[in-house]
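Reviewing the structure listed below.
Order of the sequence lines sets the chain letters (A, B, ...), proteins ahead of strands, with each chain counted from 1.
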Amino acid sequence: MASDDRDNWESPLQFVLACVSYAVGLGNVWRFPYLCQMHGGGGFLIPYLVMLLLEGVPLFYLELAIGQKMRLGSIGAWTAISPYLGGLGLASVVTSMYLCLYYNIINAWSFWYLFHSFQSVLPWAACPVNSNRTGPIEECEKATSTQYFFYRETLNISPSIEKSGGIHTGQALCFLLAWVITYLFIIRGVKSTGKVVYFTATFPYVVLLIYLIRGMTLHGALNGVKYMFTPKMEELANPTTWINAATQIFFSLGLGFGSLIAFASYNQYHNNFERQAIIVSLINSGTSIFASIVTFAVYGFKATINYENCLDRTRILLLNSFNLAEDSIILNNVFEMIEKLNTTFPEQFAELSNKLEDCNLENELSTSQTHHLNLGISILRLLWITQAVEGTGLAFIVYSEAIKNMPLSQLWSVLYFFMLLMLGMGSMLGNITAITTPLRDFRFLSHVSNEALNGFVCVLCLLLGLGFTTRSGNYWFTMFNDYGATFSLLLIVLFEVITVSYIYGIKRFEKDIEDMLGHRPNWFWKIMWGGISPLLLIGLFLFYVINYIQGGTPTYQAWNKDLGKSEQTEYPLFGQAFIGLLLVSSVSCIPLTALYIFCQRRKHAQRQKQQRTVNTVAA
Amino acid sequence: MLGRIVFFLCLPSVLAAQLCKPNAAEGFKVRLSIKTALGDKAYEWNRNQRFLFQAAIAFAMSHHLELEFNVSNILVCDETPRVSFWFVVTSPGDPSRLVGKESVELAVRESRSRINNILLLNDATLEFVGVLPTLTAPVKPATPSWLIVFGVVIGMVGAGIVFLLVSTVVQKKRKKNEVAEEEDDDEEAQMKRTAGNEGIYNTSFSEYDRNTQM
């Protein structure tokens with residue numbers, strides 16, 4: 001048992017806010033709306049809520065119970081449950097370490113965008129002028145100004161992961177700032193974190209509400225919201241929908257990192273975590289749904305603007321080719337005029353046909369990732385819908401594109417990126433606490449002060465994470481994001497559930513909960529822990545493995561500056577080796593630790609036997 | 001005699017018609033989008049507005065080549081309802097000779113913003129087809145503005161951290177002093193007690209009588 005002078009949250013509210021702050025992150029704001037729209041709008045809520053019930057809340061409850069009972073970080077808690085399973089905690093710490101290394105880069109980007117919003121014209125609103133001032137820079141023209149700002153000015157991205165380039169100083173400075181602020185937030189452990197979460201947990205909701213009001217009044221916003229809420233029920237028959245829902249719930253709640261165990265370990269022994277678990281899970285899902293309404297309003301606005309720009313370009317093309325008066329074609333009668341001109345001047349119209357774009361609002365809305373592809377310097381443009389491209393960077397590109405069209409865009413930009421910062425920082429608090437809490441539990445570190453230990457962890461992560469600020473850093477970031485935590489977390493949580501249900505025993509676990517709460521858990525929880533959740537997790541795990549094997553060589557999206565778009569490229573050998581290392585390193589902690597403890601015990605038992613024989617001989 | 005006079009009078013306009021034609025070698029196509037630029041305040045394109053355009057081009061040519069160009073040196077033809085037309089520039093010395101395309105282009109580029117302002121239009125709404133726009137150079141401040149905001153934020157955060165660390169150290173020192181003082185106090189109190197006590201005080205022989213005197 002941990003010592004009695006363990007730090008505590010000042011009130012249960014701080015604990016709840018800390019959990020909310022940790023769970024509610026960028027995924028709620030951009031990944032859930034993306035999944036929602038990909039899997040048939042409103043209909044996606046059904047598999048989402050079902051998975052929340054079957055998998056999300058029971059596993060959340062489980063982790064909080066363990067943390068609050070053991071009053072130790074993840075390593076100590078699992079070692080207390082069964083000495084052979086200390087590796088489970090160690091695997092959590094290693095995974096959290098990977099997460100800490102790359103997650104703060106997102107905060108660095110948020111800072112970069114936030115600081116660049118304090119200008120009279122947003123830098124991503126227009127392409128910068130080229131060196132002889134005759135037009136915009138070529139790369140920017142081929143892509144869009146928002147993409148150019150992200151890939152060239154924010155990241156200065158290299159053409160592939162092999163070419164690492166130097167460190168981007170602006171990025172590195174923002175990264176440093178992100179870590180300095182993280183340190184400030186955790187400097188005294190729970191005492192500091194507890195105060196910070198009042199702000200990081202609540203401020204994003206204020207911004208979301210403001211955006212909701214602004215978003216609903218934007219031109220064309222209702223197109224987006226209508227699109228989202230028209231359910232396409234046939235998507236429910238697609239197994240990918242259910243798998244994506246399960247994965248989203250799982251990762252959104254932040255299970256398996258050890259953060260929840262760490263947070264709960266600072267609770268009072270009789271804290272009612274059952275109610276808090278349900279509340280936090282519901283808040284997390286509610287926030288996803290709320291954020292997706294806002295997001296779809298903004299997407300609707302962006303799609304409508306793009307559609308109207310397309311119509312306008314067509315109108316000008318017609319006016320210029322047929323030398324008609326300016327007011328003869330307006331946006332509303334573009335399509336009629338196309339018909340009329342086609343019949344009146346068929347030969348002239350035929351010449352135009354390859355330059356005419358197909359303007360379609362549905363196409364603009366159907367995925368949020370629409371790229372304008374400029375082939376050469378002619379006015380030939382195609383609206384191209386890319387399905388496969390997704391990544392955290394897209395959240396920045398898509399939103400900044402929508403914001404630049406709003407009136408008073410600097411204000412909206414500042415609000416939005418500050419909200420992203422709060423979301424990201426809140427999640428970082430949990431990630432870092434997952435590392436410092438188990439470290440603090442080790443006896444040989446107990447004389448080191450809180451400030452020094454936290455500072456050491458922050459500096460270490462800062463130095464190791466500088467690699468992500470190089471010109472190829474975004475490719476490494478994507479690798480860590482895709483492989484660093486996904487696979488190992490599933491295994492970790494699967495082991496957790498099986499350990500508690502079968503190795504520790506549901507009966508003992510029940511009694512512990514009764515000890516803490518005063519009542520035993522419902523039959524519902526027991527069925528979930530014993531049966532449904534492990535089965536779901538095994539299913540998800542198998543799906544990931546099959547997907548990984550079937551997918552062939554892992555690929556990433558490399559930015560091609562000459563074409564102004566991303567291309568799928570295979571990882572080089574060292575990249576694939578590193579992926580393997582990432583996957584294996586955290587998961588292997590479990591069997592390796594078990595083996596180590598087993599060997600230690602055998603040695604210890606042998607020595608004891610020797611001593612006893614010596615004693616009997618002596619006696 | 002009369003016929004010759006009429007011939008010579010008609011010659012310039014005939015020449016003009018021959019010099020200025022669509023897709024002329026030394027000519028430029030111009031496209032105006034007045035309604036897009038000015039909306040309700042759009043002016044009607046008529047002879048006077050055309051005269052203003054010719055004057056603006058004449059100004060640009062004079063400014064660039066430092067010769068005296070007149071409005072009559074700018075020939076406009078093939079006007080369409082779009083408001084687009086072709087124009088050519090004739091040399092002031094010899095009205096039958098056209099000024100080269102490159103000179104005209106350079107002149108227009110040099111005075112482009114002036115011409116735009118005269119006609120209340122901009123680079124996008126007053127198009128010289130084939131002439132690249134001259135965009136204004138971006139204004140670069142000495143220190144990029146983002147760096148200033150960054151400096152302020154990191155300064156404040158750094159100050160916060162230093163303050164918290166110093167206060168922790170000060171608190172610890174104070175606690176150490178307090179504990180040291182307490183220990184000293186404890187010892188003194190203990191010593192006093194051991195020095196003062198020679199045994200347990202027996203109250204049976206005290207003067208104090210719990211029972212009241214009858």
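- At a 4.5 Å heavy-atom cutoff, the contact between B:L32 and chain A is made by backbone atoms alone.
- The distance from the CE atom of B:M156 to the CD1 atom of A:I181 is 8.5 Å, given to the nearest 0.5 Å.
- Here the closest non-hydrogen pair linking A:L173 and B:F150 is O-CE1, 3.3 Å.
- With rounding to the nearest 0.5 angstrom, the CG atom of B:L147 is 9.5 Å from the CZ atom of A:F115.
- Interatomic distance, CZ of B:R82 versus CD1 of A:I316, reported as 7.0 Å (0.5 Å rounding).
- Checking B:I161, B:V169, B:L165 one by one against A:E451, the side-chain contact (heavy atoms from CB on, under 4.5 Å) holds for a single residue, B:L165.
- Counted within 6.0 Å of CZ on A:F456, heavy atoms from surrounding residues, nucleotides or ligands total 12 or fewer; the atom is thus considered open.
- Counting heavy-atom pairs under 4.5 Å between each of B:V129, B:I148, B:V153 and chain A puts B:V153 at the top.
- Rounding to the nearest 0.5 angstrom, the gap separating the NZ atom in A:K191 from the CG atom in B:L164 is 12.0 Å.
- Within 6.0 Å of CD on B:E79 lie more than 12 heavy atoms contributed by other residues, nucleotides or ligands.
- Nearest heavy-atom pair across B:G160 and A:L184 is C-CD1, 3.9 Å.
- With chain B as the partner, the residue from A:L176, A:N320, A:L324 showing the most heavy-atom pairs under 4.5 Å is A:N320.
- Heavy atoms from other residues, nucleotides or ligands lying under 6.0 Å from CZ of B:F51 number 12 at most.
- For B:T168, the parts sitting under 4.5 Å from any heavy atom of chain A are the backbone and the side chain alike.
- Heavy-atom distances place no part of A:L114 under 4.5 Å from chain B, backbone and side chain included.
- For A:C174 against B:W146, the heavy-atom pair with the smallest separation is SG-CZ3, 4.2 Å.
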